[in-house]
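Quick caveat, the model's predicted, so the values are computed rather than measured.
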Amino acid sequence: MSSKEKNGPNTGHLILKASTVARAHTILAYTAFISALTLGLLLHYKNIVKNGVAGYPEEWFPSVSATIGDWYPERNVFQILIALTSGPRLMLVSLLYYLQRSQESSLPAIVFVSGIIRTLSCGGWVYITSSDDHDVHDVFMISYIVLNLPWMIGGIYSTSKRCPSVRKKRSIIASTFFLSIVPLVYFFVQHKVHRIPGAYTQYSFFEWGLIFLDVLYDACAEEEFRINDLHVAIGDLKSVNGIATPTQVKYIHIGGSPSRQDRSISPKIRSHSVQDSRTLLTNMLSCYRPYVSFTSDIYLSYIFWSVFTSLIPTLFYFSVWELAIAGSELALFSTLSPIWLSIPPVLNWVRTRSGQATMHLLSFIGVGAYILQSPLHRLFLVAFATSAAMIPQVVTWADNPAYQSIITALGLMLSSLSKHVNHSNNPVWPFIDERSGGYNKEGLLLAILALYEFFTRPDEGARPFDSEKNDCPESEPTTHWILGALPLGSFIYILHSLLADPSTLIAWSWTGYENGRPRGPLPHLHGSLTLLCQSFGLLIAIQAMKSSKVHLLANPLWFAFGSASSYAMYTYRNWPGYLGGLGLSIFIMGSFPLVLHNASSTRAVFKTSFTAMLVYCLLALANVWTVAYAFVPGGVYLRERTDLVTIAQMACLALAFRWPALGNRSVGASSLSSTVFSCARTILTLISVLGVLATLYRLPTTPVQPFRPGHRMLRAGIWTIHFGIDNEGRDSQRRVMNLIRDMELDVVGLLETDLHRNVYGNRDLTRVIIEEMGYNVDLGPGPNSHTWGAVLLSKFPIINSTHHLLPSPHGELAPAIEAVLDMYGTAVTVVVSHNGQEEDPLDRELQSRELARIMSTAYPRPVVFLGYVVTRPHALRPNPYEILVKDGNVHDVDQDDDDRWCEYILYRGLYRTAYARVSRSTVTDTELQVAQFVLPRHGVGVTNDTEAARYLRSRKEELPPEHWFPMSYYGNQRWGGVNGHFYHVFNTPLYYAISDDAEI
């Protein structure tokens, strides 16, 4: 409504209900999407339901992007209506901030900023479609989804107290929105990775559901505005105030330009304005300082976990090269540095801020150790840094267990997320550098900034959000120190061995493929589920602390749930085993405050922390003994006994719970403010969503296909890659990938690949290759199978795969993968194996017999064998060569190559056209062997399998260019080659002609 005053021409005004703005936004937004969908279905139905996998009738409902971005006129109508929606949308965001702003909390300001950026991101993916620029479109779309986190979650907590119904509606809508992302991702994977017709239609329903929920969430603002009687007044404020209106109505005044008299402000008033502005700026900085402090504490915890988890991989480099106790293992005991806390002046000094800052600074040496080229020098620095990092960590655990349980858990999850995003490598590990995906400089810079914030933190802000320390360290203990130490040591070991990487639990459950589908989860596709469950477990702990019900976590029933989950993880495989692992992750993260408070209540910092770390060291060594029994003293007693280690870790952890025999111990109450819990929940949500988005970002955009699909060719290779650590003690994943890419290998067998152990950093050696190059992967037997590991990478679909643990009565367990691949419509068996060492002749004989049985059983199907055998060519039985070739009914890739010992390629039912041996450079201690084959015409076998037909040697010029190996790898140690790799032994690939009577 409007009116005119008699006093002047510029007294008109307009009063608008704020709820009308929200309703206009809802109507315009829904109209935009519905009109585009209606026009698309009427005008271009079959075009918009068609995708890269299938079309109508398998796909019968369009996705949002296909509807709004590809065709005229629906695209144009949609963009016009979205442009009209932008005005009410920006007003809605601003009005919500006006209504919800508070001097006590900066959360409404965060929601306001995220709402503005979210609106701009919406414009980005609307007006830059995937057809215009796919990458830019995806960046804006991902930004929009990420910004929905602070917008929705922050909006729920910022909702005015007068509107409980609005808060409830927003909570339900936001929960449904984020839960819908799970099936959305699932069906997208089914469409994009497994290429299942019809999956995209199911994906589209959830995509449209997210649009509906997104707009519906914003529509809740209409009810909040109406309950608060919020109005917008445009015009002269005096005329507005002169209207008879209820006193409870709130007005936002939007006036015209001030009068000339109003513009003339006295210097005194201007001085007061400047002073008020400075005061406002100071208040804003002090308001945000606790949030900055909270973030700094999390990042310092992340640095702790990064340094701590890098110690054992750094020292184990020497053990692997020696295949025995090398002496470097003593560096593990640097984690026993809490022994210095037995000196009271040291303990008192570490409790000061300067003491903690000094120890944090010394721990940064472990991050900066990446600069050193010598593995031994790096080990010295990392061991020293770990020693320094442990001391302030255990002191803060003892003095402030409630707050530190949240910070330490978030730091661990941030470390795990960084590995998930960075191809299973922590970007600040000292054995990672820029060449292998490291961001060491950036990580070190952020660490210094976080430490500066910690050191300069005001006294009132030194404990973020009024978190209170245990200021009575000398008070009476409520728990015996041994009952606090054993659970803490076991707890740290479980965190390190199972939850330091999201894909470790998946490796425990993996068994291969069946009927063209994985039997269980895949690390690069489902690793984010581990992060989600860790977040859920920590949320349980946070809620228990917030409601002062931590004692519920000490209930034996909670421990029974954790024990049952641990049993399921150890006993079962595939999805049941992984679900057990997820249950264990929920239990462990949920027990964080209980275990730390239990250790803190002993009031014996030195005894508790030193004994805890000693327990950790013993469990870590026992875990190594279960698989390295052939190379360590007393290994026979723990050979393949992961069950004993699992029982020991759970038995130690059980002491933290309230058993009647141990007395009724108090678990304490949390003194943290609600803001701590709110920020922790926000960080957890960010970690979870970023984990899911990282998975989506890494999904292949094109189907996996061989390098030369039109020629029925197969290029296969075998390489022992020494646990992904090169001769310089650095991660070698990218160097391995570069050679595989240049050789254009369609099938690769990689050996010594089981890195999901503390000693190897809980890494997934295949992540870079499959995410950057697009391979199907079989991870081989997991860490609970006690082998050194074998991996199969394939550009062809894997129909079925079986894992074998070859007979090993004396030496190390030998893994093998038997897989059936669909090569151009022909089923081909590929066997990848790692046999035992020369010192165990009986093992090698039995293993060779089993492999020969597998290959002979596959007859008449073509076979490719890629293995580490340890035998001389033509060696008679009981040596492996004759057993494999004769009993397995296969051919040697080149029987005239007498200079071999470890790696062998054998085959049957294929035409071999090339064979090459490529030097290892400094990547590993073993060369790469490559063989090239041509498949016979579909339905026809090899027509002439005589030795004369198989050894028609040729020059490469006599073969088509697609048969040639890369020319750039000709050379030697002095010149030529690529990155130190070159054709050696023969100094050239060997080529073979195909007999004239062959049908290909």
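Arg170 has a carboxylate O that lies under 4.0 Å from a charged side-chain N of Glu224, or vice versa, which qualifies the two as a salt bridge. A salt bridge between Asp399 and Arg351 is present, with a side-chain N of the basic residue lying under 4.0 Å from a carboxylate O of the acidic one.
At a cut-off of 3.5 Å, with distance as the only test, a side-chain donor of Ser591 or Trp558 sits close to an acceptor on the other residue. When only modelled atom types and interatomic distance are considered, Asp297 and Tyr403 share a side-chain donor-acceptor pair under 3.5 Å. Residues Arg681 and Tyr157 have side chains that bring a donor and an acceptor to within less than 3.5 angstrom of each other.
Two rings, from Phe592 and Phe491, have their centers less than 6.0 Å apart.
Between Met589 and Ile586, the closest side-chain pair of non-hydrogen atoms is not below 4.5 Å.
The aromatic rings of Phe587 and Phe657 sit parallel to each other, their planes meeting at less than 30°, with 60° as the upper class boundary.
Under a 3.5 Å cut-off, the side chain of Arg658 and the backbone N or O of Asn555 do not form any donor-acceptor pair. Side chain of Asn440 to main chain of Trp429: a donor-acceptor pair is present (N/O by atom type, distance under 3.5 Å, no hydrogens or angles).
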Notebook entry, point to check: Is there a side chain to side chain contact (heavy atoms under 4.5 Å, CB included) between Leu619 and Ile494 once you walk through the steps?
Noted result: CA-CA 9 Å; Leu619 289 172; Ile494 296 173; over 6 Å; no

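In this structure, Arg353 forms no cation-pi arrangement with Phe455, as its terminal cationic atom is not both closer than 6.0 Å to the ring centre and no more than 45° off the ring axis.
In Glu434, the CD atom is not crowded: 12 or fewer heavy atoms of neighbouring residues, nucleotides or ligands sit closer than 6.0 Å.
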